[in-house]
Number of protein chains: 2
Amino acid sequence: MFVPDRQPKESARDFAFRTLKDNIVSLDLKPGTQISENEIAQVLGLSRTPVREAIIDLSKASIIETVPQKGSYVSLIDQKMVDEARFVRDVLDKAVIRLACRVADTESLDAMEENLHLQQFYLEKGDPKRLFTLDNEFHRLIYVAADKETTFEMRSSMLLHFDRVRRLSLSTVKDLKIVTDHQEMLSAIKSGDEEAAEALVDKHLKRYKLDEPWMREEHPEFFK
Amino acid sequence: MFVPDRQPKESARDFAFRTLKDNIVSLDLKPGTQISENEIAQVLGLSRTPVREAIIDLSKASIIETVPQKGSYVSLIDQKMVDEARFVRDVLDKAVIRLACRVADTESLDAMEENLHLQQFYLEKGDPKRLFTLDNEFHRLIYVAADKETTFEMRSSMLLHFDRVRRLSLSTVKDLKIVTDHQEMLSAIKSGDEEAAEALVDKHLKRYKLDEPWMREEHPEFFK
DNA sequence: TCTTGTCTACTTGTATACAAGTGTATCTGA
DNA sequence: TCAGATACACTTGTATACAAGTAGACAAGA
């Protein structure tokens, strides 16, 4: 497990939550792995209480499963859950980008523009990790532009399942294409072209063709 | 605060969670009220730990807000949050009912049919509380029919904000109309008429006209 | 060999003790 | 009378102790 630095003023619980979530999504903590509250507490230099609270939080998103008096486990990859996460993303993203086309103000557009410049920068520089963060942030900015930030938070918790499988998948989407998609989205929002914007979201999401049979064959122990 | 009976085998945390949630949505715990972990623990006959964990869960849905070293409070009604909950319900319900039109099997349809009979029964009997439960369950069954049950859970957590304002609103939707809406929805799903089904969801949701100015005037202390 | 009971080492669930910060009431001093 | 210091009662955050249940190792006995 990878243990990041604890941010100043970050509570023990938030620190434990962040660490566990990142390790699960990055597959450093593999699906099916048993998690011991005590062990995690020791590794992170905390007591059981904040670790336990973080685990409960993650259980709510079904990314950890706890069996009383037995143990907590990183959830196996559940194809149905992955599909459902993708469905939610598809439905919400489309509705929200349409809304953004109608109500986005210049401030939001500027923020997206700035983000895109950074995407371009790190694309050329070749920093996929930083690009991943900017990608996520760009989509958040669309929600912000539509004044639906809380909805984005909800979307995020469910999307953990999807993100984790993306890591596992062979098909790496070319970063170049992603950035181009984003640029086109911003153009559509600027011109208020809802139809185009929705179509772009559709195209964007379809780039992630998750080759389930291959993944199942490669890592059968990860699947439910 | 109303304290229900603890179900057999219900964990202390689940019991605390259920009790707090119901009291908040029913407005027995009024918006802005300070909640003391110790006090709740005493009232429920539990220790602080499970109560605290329940409060953390509810904080995740932004229905409780905690200020470190100061206190936890039932969130004030935030119009933006209510609108957003309504938005999510609108978008997801429409997408899901369209899906249900395509994929619902007879088992799901039967379950909905049975539910509707009960709705009819309690409508004639005049039991609005039971009817409320059946209403919620009916909408869950639509999600089940579309094989999107996890999405429903997510929707529920956000809908707390909406439900709580519904309680406060003057405009009581006639139960008769609700049941009729449901019957029409089931018909549309059975015949696979996506357009009609979506239109019904729209009509259904529009029945809840929440008179915000009136509520604000009547209970200014409840609002943000 | 197989069954069965027991012991042990683990797990999570809950209760309690302590740490640290906030706000208020009160007392002190001018 | 008023300003400011201070003690106190409260809060949540974290650590620790104990309760209760699970599973596996292992030995005793048929």
Side-chain angles (χ1 to χ4, degrees), chain A residues 1 3-21 23-24 29-76, chain B residues 1 3-21 23-24 29-76:
Chain A
M1 193 171 86
V3 180
D5 288 334
R6 181 162 171 189
Q7 305 285 336
K9 290 194 179 179
E10 186 178 38
S11 72
R13 170 152 56 97
D14 289 343
F15 175 55
F17 181 87
R18 181 168 64 89
T19 305
L20 282 171
K21 188 195 65 168
N23 275 279
I24 290 173
L29 280 174
K30 302 193 192 324
T33 308
Q34 180 166 7
I35 300 177
S36 159
E37 294 175 357
N38 268 316
E39 189 190 325
I40 302 287
Q42 199 166 5
V43 171
L44 301 190
L46 308 169
S47 76
R48 259 187 71 205
T49 304
V51 172
R52 174 179 169 76
E53 290 171 351
I55 287 177
I56 289 172
D57 268 6
L58 289 163
S59 299
K60 266 213 131 177
S62 301
I63 202 75
I64 287 181
E65 276 162 27
T66 296
V67 183
Q69 272 72 45
K70 187 156 177 274
S72 296
Y73 306 85
V74 178
S75 299
L76 291 173
Chain B
M1 194 171 84
V3 180
D5 288 335
R6 181 163 170 189
Q7 305 284 336
K9 290 193 178 176
E10 187 179 39
S11 73
R13 171 153 56 96
D14 289 344
F15 175 56
F17 182 86
R18 181 168 63 90
T19 304
L20 282 171
K21 189 195 66 170
N23 274 280
I24 290 173
L29 280 174
K30 303 194 193 320
T33 307
Q34 179 166 8
I35 300 178
S36 160
E37 294 176 358
N38 267 316
E39 189 190 326
I40 302 287
Q42 198 166 7
V43 170
L44 300 190
L46 308 168
S47 77
R48 259 187 72 206
T49 304
V51 171
R52 174 179 168 77
E53 289 171 353
I55 287 177
I56 290 172
D57 268 7
L58 288 163
S59 300
K60 266 214 129 176
S62 301
I63 201 75
I64 287 182
E65 276 162 26
T66 296
V67 183
Q69 273 72 44
K70 187 153 177 277
S72 296
Y73 306 85
V74 178
S75 299
L76 291 173

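Below, each value reflects all heavy atoms present in this structure, side chains not excepted, and no hydrogens, waters or symmetry copies. Just so you know, these numbers come straight off a predicted model, no measurement behind them. Residue numbers start from 1 in every chain, and the chains themselves are labelled A, B, ... in the order their sequence lines are given, proteins ahead of strands.
Annotation: Gln42(B), atom CD; neighbour count of heavy atoms from other residues, nucleotides and ligands within 6.0 Å does not exceed 12.
In this structure, the CZ atom of Phe15(A) is 12 Å from the P atom of dA15(D), given to the nearest Å. Between Tyr73(A) atom OH and dT11(C) atom P the separation is 10 Å, expressed in whole Å. Between the CD atom of Gln42(B) and the C1' atom of dA15(C) there is a distance of 14 Å, given to the nearest Å. For the pair Ile40(A) CD1 and dT12(C) C1', the computed distance is 14 Å after rounding to whole Å. Rounded to whole angstrom, the span from the CD atom of Glu37(A) across to the P atom of dT16(D) amounts to 15 Å. To the nearest angstrom, C1' of dT11(C) lies 8 Å from CZ of Arg48(A). Atom pair Glu39(A):CD and dT12(C):P shows a separation of 10 Å (rounding to whole Å applied). Taking atom CZ of Arg13(A) as the reference point, atom C1' of dA15(D) lies 15 Å away to the nearest angstrom.
For the pair Leu46(A) and Arg6(A), the minimum side-chain heavy-atom distance is below 4.5 Å. Thr19(B) is listed as a side-chain neighbour of Met1(B), based on a closest heavy-atom distance under 4.5 Å.
Just one residue in the list Asn38(A), Ile40(A), Ile56(A), Val43(A) forms a side-chain contact (heavy atoms from CB on, under 4.5 Å) with Val51(A), and that residue is Ile40(A).
Remark: Ser72(A) is not in phosphate contact with dT11(C), judged by side-chain N or O atoms under 4.0 Å from OP1 or OP2. A close approach under 4.0 Å does occur between a side-chain nitrogen or oxygen of Ser47(A) and OP1 or OP2 of dA15(D). For dT11(D), the OP1/OP2 oxygens have a side-chain nitrogen or oxygen of Ser36(B) closer than 4.0 Å.
Out of dG23(C), dT12(D), dA15(C), the shortest distance to the side chain of Asn38(B) is found at dT12(D). Taking every side-chain heavy atom of Arg6(B) into account, dT14(C) is the closest of dT11(D), dA15(D), dT14(C). Set against dT16(C), dT22(D), dT16(D), the side chain of Lys70(A) has dT22(D) as its closest nucleotide.
Side-chain N/O atoms of Gln69(B) and base N/O atoms of dT12(D) include a donor-acceptor pair closer than 3.5 Å.
Residues Asp57(B) and Phe17(B) share a closest heavy-atom pair of CB-CE1, 3.5 Å. Looking at every heavy atom in both residues, Leu29(B) comes nearest to Thr33(B) through C-OG1, 4.1 Å. Minimum interatomic distance between Ser72(B) and Ile64(B) (heavy atoms only, all atoms of both residues): CB-CG2, 4.2 Å.
Residue-to-nucleotide proximity on DNA chain C shows that, of Thr66(A) and Thr49(A), the 5′-proximal contact is made by Thr66(A).
Scanning residues 50-64 of chain A for heavy-atom distances under 4.0 Å to DNA chain C yields Arg52(A).
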